There are 2 protein chains.
Amino acid sequence: MSDPTFAPRPTLEAVAARAGVSRATASRVVNGSEGVRAPLAERVRQAVDELGYVPNQAARTLVTRRNDAIAVVVAEPETRFFTDPFFAQQVRGISRELTAHDNQLVLLLTEGAADYGRVGRYLAGGHVDGALIFSLHSDDSLPVMARKAGVPTVIGGRPSWSDADTLYVDCDNRGGAQVAVRHLLGLGRRRIAHIAGPLDQTASVDRLDGYRDVLPDVDPKLIAEGDFTPEGGARAMGELLDHWPDLDAVFAASDVMASGALRVLRNRGMRVPEDVAVVGFDDITSVADWTDPPLTTIRQNIEEMGRMMARLLLRRLSPLAAVDGAPALSPIVTATQLVVRASA
Amino acid sequence: MSDPTFAPRPTLEAVAARAGVSRATASRVVNGSEGVRAPLAERVRQAVDELGYVPNQAARTLVTRRNDAIAVVVAEPETRFFTDPFFAQQVRGISRELTAHDNQLVLLLTEGAADYGRVGRYLAGGHVDGALIFSLHSDDSLPVMARKAGVPTVIGGRPSWSDADTLYVDCDNRGGAQVAVRHLLGLGRRRIAHIAGPLDQTASVDRLDGYRDVLPDVDPKLIAEGDFTPEGGARAMGELLDHWPDLDAVFAASDVMASGALRVLRNRGMRVPEDVAVVGFDDITSVADWTDPPLTTIRQNIEEMGRMMARLLLRRLSPLAAVDGAPALSPIVTATQLVVRASA
DNA sequence: CTGAAAGCGCTAACAC
DNA sequence: GTGTTAGCGCTTTCAG
C-alpha cells in the first residue's frame, strides 16, 4: 500500500508549468494580487484545481514572516480551563474574530509552569504572529517570554505590572464590585460578606478593592478567599458562616463560586434571599440562570471581550499600525452591568 | 519606541560566525547530532545562549518536512466541547503524550461544517504532521479532507465507514452496554429503558446495539434518543416515563445524560435505586461521583484512550513505521468495566 | 570530524 | 502585465 504521506504535493512550479506561465504570475494569482490579465489568471486557477495545489505554508512563512495564526495561551491547569465556562466563552469570541479575519487559532495548553519552556520555544519558533495570554497569576512569566520572543501579545485581564506598551482587555472589576455591594446595601443588608477569588490575580484583587471601597471598615473575617471553583466557593462560604452565623449577604467574585456558596447556604437551612442575599460576578448564563434561586450578578460581556482581544492584537499586527501617525493602541476596559434575578 | 517585532532574530549563520565554525557544524550541535568535537560544540552552545538563538521553524520545516506539531480537530460545537468533561479528559491524555514526545498540540475548533474549509486548508497547508479527529457524525467529511491533504490521522471513536487503513481508538461500547444491561437484569429489573446518544454517532449506535443484544424484543418506546447533554438526558427520561410510568431501570448512554435523568426522576418523586435503577456510561468521576445517588456506570479510561490516540499517530508518523517488516498498525478497542455505586 | 554548496517552495524586487 | 532572479534560514549530501 502506498503511503499517502509521501505523495508529493504539487508545487507552484508545477502549477505554473501546467498553466504555461511563470512562477511569479502563478503566485500572483494564488495570492489574489491585481494586474494579471483575466485569461492567464483563469488558466492558473484551473491548473490549481486540477493539481489540487495548496501553498506550502512553511515556504510562504519563510519569506513573508507571517503565519496567519495566533496562539492562545492559558496559564491555568487544563482542568479548570475546561471546566470553567468563562474560558469557553472567551475562546469562542476569540475564535470567531480570528476566523473572520482568516487567522487560525492555535490553543496552547499548559499544565503548569513546567510547560512554559515548551510554550516559549513554540512562540519563539515563529509559529504564530501573535499571542493572546490568559489568566495570569502575579508571578507569571509567560508575557515576558512572549516579549523576548518578539511575539506581540494581548493579555486577558489587567496584568499585575503596569507598562506603557502592554495591551490588555479587562472589564471594570472594581466598579462592578462597587455596584454589587451598593445593591446589597440598598436592599437593607448590613453584614455583607465577600468571597474573593485567588488574590494572586488582579481580577480578584480589583473586585475585593471595589467591595472595600464601599465598605471601608469591614471586619476581615467577612472576607474569605476562594479559587474560582464551586468547591472553593463552598469552602469559603463555610468559613464565613463559622465566623458570622448571622451575616445577611454575600458578594462572590464569580458566579461559579456563588453556586458553591448557594449549596452551603441551602445545606445549613438558610433561605436565599430572605436570610442571605447573594450576588455573583460574570453573568455566566449557564450557571447564573440555573442556580436555585437564579443569581443576581454583575454582567461582563465575556465573549465580546474575547473578540476585542483578538481585534486589538490583529490591529497591532497590521502593517498600518507601524506607520507613523497611526492611532496608538491602548488597553480596553469594558463596563459592567448589574443583572437582578432572584438571589438578591 | 522601537517595535520589538522587528528586532531581527539571530540566525544560525550568526551563531556559526560567533562560534567561528560553519553553519553546518552549528546546525549539527543545535540538533544534537553526534560527531562534533566537544570544544567546538561547547563554543556553539555558548554562542546560542549569548545570542538567544531559536531555530526558525519555517525554515526547518521547509527542508525536513516535519513540524513536530499535531492538530486535534473537534467536529462539535465549541459549546459542547468545553462543557463536556469527556473531551477535557481525552485532550489531557493527548496533551500529555504529545508533550512527552516533544510535539506541540494544536487545537482546532470548529463551530460547524462552515469551518471545515478553513480546517482543511490548515491541514493541507502542512502546518502539522498529523491529526487527531474527534466526535464524528456519520456525514463527517473531516477525515476525508485530512486524507486528501495527505495528513496521517487517528480518529477518536470508531468511524461509521470501515476501511483497512483507518486508524482509530475506541472502547468496547457494545460489550460495555451488554454488561450494564445484564447488571440491571441481575438486580431483578424487567422494564429496562435506554437513553441513547445521538444516533448519527457510532458510539451511540454501538451502545444501543449492546442493549438490544441483551433485550432483543424490547418495546421501542423504552428507547429514547438524547444528545449527550444533561438537558437531553432529562428530556429523554421524561418521554420514557410518559410511555412507561412503571419502568424500573434506565441505562443511559452517558453519565452526563444520566445526571439529567436523575433530576427528572427526583422531580417526579421516584426513588433511585429503589423505584428505578440507573446505570450510566463513561465513569466521568466529576459527574458520576457527584450525583445523588452516585452513579453505577461503565468505565472507559478516557484519558488513557487519548494517550493511545497520540501514541498510535506518533508511531504512524515515525520513519520506522514506513520500513518493510514493521508491525502493521491497527485500530485499538479498549475494554470497559462495570463500576457499581449506589444508583443500581 | 568539519566545511562548502545545493536546494526546500515561495515571494518580491527588478527588469523587460 | 509578465518573467527573471535573488534570497528567506535551515538541513544535508558530498568533499576534504
Side-chain angles (χ1 to χ4, degrees), chain A residues 5-45 47-48 51-68 121 124-127 129 149-150 319, chain B residues 5-45 47-48 51-68 121 124-127 129 149-150 319:
Chain A
T5 313
F6 290 21
R9 304 232 260 274
T11 71
L12 231 210
E13 185 78 55
V15 172
R18 183 167 192 116
V21 300
S22 74
R23 225 163 57 215
T25 299
S27 171
R28 289 183 186 111
V29 174
V30 169
N31 292 293
S33 63
E34 295 301 310
V36 175
R37 245 182 276 265
L40 270 198
E42 192 41 50
R43 260 158 56 201
V44 172
R45 266 188 289 269
V48 166
L51 264 32
Y53 169 77
V54 179
N56 176 319
Q57 275 300 333
R60 176 180 277 179
T61 295
L62 188 53
V63 33
T64 62
R65 288 142 183 296
R66 282 182 42 263
N67 295 282
D68 297 316
R121 253 175 287 134
H127 289 276
D129 302 330
Chain B
T5 315
F6 288 23
R9 303 232 262 274
T11 70
L12 229 210
E13 183 78 55
V15 172
R18 182 167 193 115
V21 300
S22 74
R23 227 162 57 215
T25 299
S27 172
R28 289 185 185 108
V29 175
V30 168
N31 292 295
S33 63
E34 295 300 309
V36 176
R37 241 181 277 269
L40 269 198
E42 192 40 53
R43 259 157 57 202
V44 172
R45 265 188 290 270
V48 166
L51 264 31
Y53 169 78
V54 179
N56 176 320
Q57 276 300 332
R60 176 179 278 177
T61 296
L62 188 54
V63 30
T64 61
R65 286 142 187 295
R66 282 180 43 265
N67 294 283
D68 297 316
R121 254 175 288 132
H127 290 276
D129 302 329

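The chains referred to below are lettered A, B, ... by the order of the sequence lines, with proteins before strands, and numbering in each begins at 1. All heavy atoms count here, side chains included; hydrogens, waters and symmetry mates do not. Worth saying up front: this structure is predicted, and the values here are computed from it rather than measured.
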message = What I'd like to find out is whether the side chain of R66(B) reaches to under 4.5 Å of the side chain of D68(B), using heavy atoms alone.
response = yes
query = Any side-chain donor-acceptor pair under 3.5 Å between N31(B) and R60(B)?
reply = yes
task = Take the protein atom CZ of R37(A) and the nucleotide atom C1' of dG3(D), then report the distance between them rounded to whole Å.
result = 13 Å
inquiry  = Generate the contact string for nucleotides 8-16 of chain D. Rules: B means base contact, S means sugar-phosphate contact only, - means no protein heavy atom under 4.0 Å.
reply    = BBBBBB---
query = Which angle, rounded to 10°, do you find between the first-five-pair axis and the last-five-pair axis of the helix from dC1(C)-dG16(D) to dC16(C)-dG1(D)?
reply = 40°
inquiry  = Is any side-chain heavy atom of R43(B) closer than 4.5 Å to one of V21(B)?
reply    = yes
key: Sub-4.5 Å side-chain heavy-atom contact between T25(A) and V36(A)   = yes
Heavy-atom pair of closest approach, residues N67(B) and H127(B) = CG-O, 3.1 Å
query = Do you know which two heavy atoms are closest between P55(A) and V30(A), and how far apart they sit?
reply = CG-CG1, 4.1 Å
Heavy-atom check, side chain of V15(A) versus side chain of R18(A), under 4.5 Å = no
query = Would you say T11(A) and N56(A) make side-chain contact, with heavy atoms under 4.5 Å?
reply = no
